[in-house]
Amino acid sequence: LLCSSVLAHEVNEGFANLAIAERLHKVNSVVVRNMRHLVELLSPLLDPSVQPPPRSHVVLQFACPRASVVFEVQALRDSTPVILEQHKVPSWTNAKLPTSAEEVQ
């Protein structure tokens, strides 16, 4: 998955230049296979109904250069609604992701 931009907010301040046009390789040491897999990895971390959060931090590792970004999960949970509203994004993910290769085309 290619990270093409970062929506500006104090929670990710300083990371925007690192993540632009970089390939996301791992989330918490798990290789990201595709967008659906990324949502599966992030959903329990970002879902405020999951209490307590399954982890205190989330680590995003980019492929080249081998760089990592660490976020506090609670800070992400607190800032996500603000970021979405600020940038007029209705949801952090699409509720219906394709389930097969045919649907992706």
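As a basis for the values below, the full set of heavy atoms in this structure was taken, side chains included, without hydrogen atoms, waters or symmetry mates. Being a predicted model, the structure only gives us computed values, none of them experimental. One-based numbering along the sequence shown.
The side-chain heavy atoms of Asn28 and Val58, taken from C-beta on, include a pair separated by under 4.5 Å. Val59 is not listed as a side-chain neighbour of Val69, based on a closest heavy-atom distance of 4.5 Å or more.
Nearest heavy-atom pair, Val73 versus Pro53, reported as atom, atom and distance to 0.1 Å: CG1-CB, 3.8 Å.
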Only distances under 3.5 Å count here; give the side-chain donor-acceptor pairs of residues 41-51 to other protein atoms, sequence neighbours excluded, each with its distance to 0.1 Å.
{"from": "Ser43", "atom 1": "OG", "to": "Val39", "atom 2": "O", "distance (Å)": "2.8"}
{"from": "Asp47", "atom 1": "OD1", "to": "Ser49", "atom 2": "N", "distance (Å)": "2.9"}
{"from": "Asp47", "atom 1": "OD1", "to": "Ser49", "atom 2": "OG", "distance (Å)": "2.7"}
{"from": "Asp47", "atom 1": "OD2", "to": "Ser49", "atom 2": "OG", "distance (Å)": "3.0"}
{"from": "Gln51", "atom 1": "NE2", "to": "Pro48", "atom 2": "O", "distance (Å)": "2.8"}

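Neither Val82 nor Leu84 shares a network with the other; the hydrophobic side chains, linked directly or stepwise wherever heavy atoms of I, L, V, M, F, W or Y lie under 4.5 Å apart, form separate groups for each.
A distance of 12.5 Å separates CE of Met35 from CD of Glu40, quoted to the nearest 0.5 Å. To the nearest 0.5 angstrom, Lys26 atom NZ is 13.0 Å from Leu60 atom CG.
The side chain to side chain donor-acceptor pair (under 3.5 Å) analysis of residues 54-64, with sequence neighbours excluded, yields no pairs.
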